[in-house]
Amino acid sequence: MSTLRAAFGRTVREIRIELGLSQEKLAQQVKVSRNFLGSVERGESSLSLEVADRFAKAAGMRLSDLLLRVESHR
């Protein structure tokens with residue numbers, strides 16, 4: 001498993017929990033399937049910059065801030 005993918009997944013899960021969202025609700029906001037969101041959170045799936053940006057927007061942050069947070073988990 002990629003260290004970057006794992007760090008991104010941990011960050012997404014952490015933010016989702018902080019926001020009080022279920023996987024299903026966040027997946028709807030990001031326009032991905034709940035299964036895909038779960039695989040991202042487990043560090044199993046890579047994603048495009050466009051999807052990463054949608055995650056950031058759903059969390060109310062800029063993509064650069066999301067990536068800085070990911071870096072802190074590496």
(request) With salt bridge (Lys or Arg N to Asp or Glu O under 4.0 Å) as the test, would you mind laying out the steps for Lys57 and Asp53 before giving the verdict? (result) CA-CA 6 Å; Lys57 285 186 171 109; Asp53 189 49; 2.6 Å; yes
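Shown here for Gly43 and Arg5, the closest heavy-atom pair between the two residues is O-NE, 3.2 Å.
Put simply, the residue from Glu71, Arg69, His73 that forms a side-chain hydrogen bond (donor to acceptor under 3.5 Å, both in side chains) with Thr11 is His73.
Among residues at least two apart or in separate chains, there is no salt bridge (charged side-chain N to carboxylate O under 4.0 Å, His left out) pair with a member in residues 25-37.
Annotation: side-chain hydrogen bond (donor to acceptor under 3.5 Å, both in side chains) contacts of Asn35 (sequence neighbours excluded): none. Scanning for side-chain hydrogen bond (donor to acceptor under 3.5 Å, both in side chains) contacts around Arg16 gives Glu41, with sequence neighbours left out. Listed by chain and residue number, nothing satisfies the salt bridge (charged side-chain N to carboxylate O under 4.0 Å, His left out) test with Glu50 (two or more places apart in sequence, or in another chain). Considering only residues two or more places apart in sequence or on other chains, Glu24 meets the side-chain hydrogen bond (donor to acceptor under 3.5 Å, both in side chains) condition with none of them.
How far CD of Gln28 is from OG of Ser22: 7.0 Å, rounded to the nearest 0.5 Å.
By the 6.0 Å contact criterion, CZ on Arg13 is open, its count of non-hydrogen atoms from other residues, nucleotides or ligands being 12 or less.
Other residues sharing the hydrophobic cluster of Leu67, ordered by chain and number and joined by side-chain separations under 4.5 Å: Leu4, Phe8, Val12, Ile15, Leu19, Leu21, Leu26, Val30, Val32, Phe36, Leu37, Val40, Leu47, Val51, Phe55, Met61, Leu63, Leu66, Val70.
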